[in-house]
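Written out below as structure tokens is the structure these notes cover.
Here is how names work: the chains are called A, B, and so on, in the same order as the sequence lines, proteins then strands, and each is numbered from 1.
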Amino acid sequence: MPELPEVEVVRAGLEAHVAGRTVSKVEVLHPRAIRRHVLGAEDFTGRLAGVRVDAARRRGKYLWLELSGGEAVLAHLGMSGQMLVQPEGAPDEKHLRVRVRFADDGPELRFVDQRTFGGLALDELVTTDGEQLPGTIAHIARDPMDPRFDAAAAARALRSRRTEVKRALLDQTLVSGVGNIYADEALWRSKLHWARPTEKLTAAQGRALVAAATEVMDSSLQAGGTSFDALYVNVNGQSGYFARSLDAYGQEGLPCRRCGTAIRREPFMNRSSYSCPRCQPRPRSSR
DNA sequence: ATCGTCTCCTGTTCGC
DNA sequence: TGCGAACAGGAGACGA
């Protein structure tokens, strides 16, 4: 479940191993991996051949390879996507979806994705809010790691919604990069129940929530960065990565680190939300 | 315009 | 033992 810190580790790996290299040949092994590239696989592979990768960039959970010529390969890892840098000739992964070979005959880039929620697409770069972004993600808000992230504005945006606070926190047009795991962690740190109505959040609570989300992603990024293997860029299953210390997410039945009460799991949007019944009491207004 | 629900996908785990 | 259900969940599409 890659969220911002995981995607950032991947971006750094791509910057180190792919930037500056020229694409020679691209193979699409599963059409669903490029479903957001509307012109299809042939167009995708044809237009990539011969272009140079200038840089690897990221906003929220999206990352993209900036290409010579004003275009970019936009990527989202979805639930299970991985970007692997592998020597040519290494056995294909079971869920290999896209292979990118380079003119220098060095290691190839592989997009591997079991559940195929992720994907790649070629996209035009556009200027939005003083930033060059792939056009299809121009609506994605700045994330807390962005040098120009405005925490106060993000807190106001969250409070301006009329919904449950966790729904707002997961809305990538308000603050990007937060997924189910970090949302639960940020809410735990802020002592807020996920169903708290946004309109009842005080300004201080809004700011504290944004600060908590920033902190939890920051510390996770530091932990993830240290487990990064220079030989390849990996997202899932690497030790020290998802084994990061969590206070709420996935902790059902375990004692709250603050008060000792057993963490509970509740259904939320066809998935789960974890919280401490004592530190994060359910708001009276709902159920 | 805004908000909530549905859907896509596959491997693993769990209950009967 | 076998099989179906539940679960993992990001984000676009769509309906109200």
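- For the pair A:Arg257 and A:Trp188, the NZ or CZ position fails the cation-pi test of under 6.0 Å to the six-membered ring centre and within 45 degrees of the ring normal.
- The shortest distance between the side-chain N/O atoms of A:Thr163 and the OP1/OP2 oxygens of B:dG4 is below 4.0 Å.
- Distances shown here put every side-chain N or O of A:Lys94 at or beyond 4.0 Å from the OP1 or OP2 atom of B:dT10.
- To the nearest angstrom, C1' of B:dT12 lies 12 Å from CE of A:Met79.
- In the set C:dA11, B:dC8, B:dC3, the nucleotide with an atom closest to the side chain of A:Lys61 is C:dA11.
- A:Arg167 comes within contact range of at least one nucleobase, with a heavy-atom separation under 4.0 Å.
- When the C1' atom of C:dA16 is taken as reference, atom CZ of A:Arg162 falls 20 Å away, rounded to whole Å.
- For the OP1/OP2 pair of C:dA8 and a distance below 4.0 Å, the side-chain nitrogens and oxygens of A:Ser272 include at least one atom meeting the criterion.
- Using a 4.0 Å heavy-atom distance criterion, A:His30 is classed as making no nucleic acid contact.
- Residues A:Arg115 and A:Val178 each lie close to DNA chain C; by heavy-atom proximity, the contact nearer the 5' end of the strand is made by A:Arg115.
- At least one donor-acceptor pair under 3.5 Å links the side chain of A:Ser68 to the backbone N or O of A:Arg52.
- Within 4.0 Å (heavy atoms only), A:Tyr62 reaches sugar-phosphate atoms of the nucleic acid but no base atom.
- In this structure, A:Glu164 places its CD atom 12 Å from P of B:dC3, rounding to the nearest Å.
- Between C:dG12 and A:His139, a contact under 4.0 Å exists linking OP1 or OP2 to a side-chain N or O.
- Once rounded to the nearest 0.5 Å, the distance linking NZ of A:Lys191 with SG of A:Cys276 reads 9.5 Å.
- Nearest approach of A:Leu14 to A:Ala56, heavy atoms of both residues: CB-CB, 3.8 Å.
- As a whole-Å value, the separation of A:Leu170 CG from B:dT5 P is 14 Å.
- Each of A:Arg148, A:Arg57, A:Arg58 was checked for a salt bridge (charged side-chain N to carboxylate O under 4.0 Å, His left out) with A:Glu131, and the lone residue meeting it is A:Arg148.
- We find that CZ of A:Arg35 is positioned 10 Å from P of C:dG12, with the value rounded to whole Å.
- Atom pair A:Glu252:CD and B:dT13:C1' shows a separation of 15 Å (rounding to whole Å applied).
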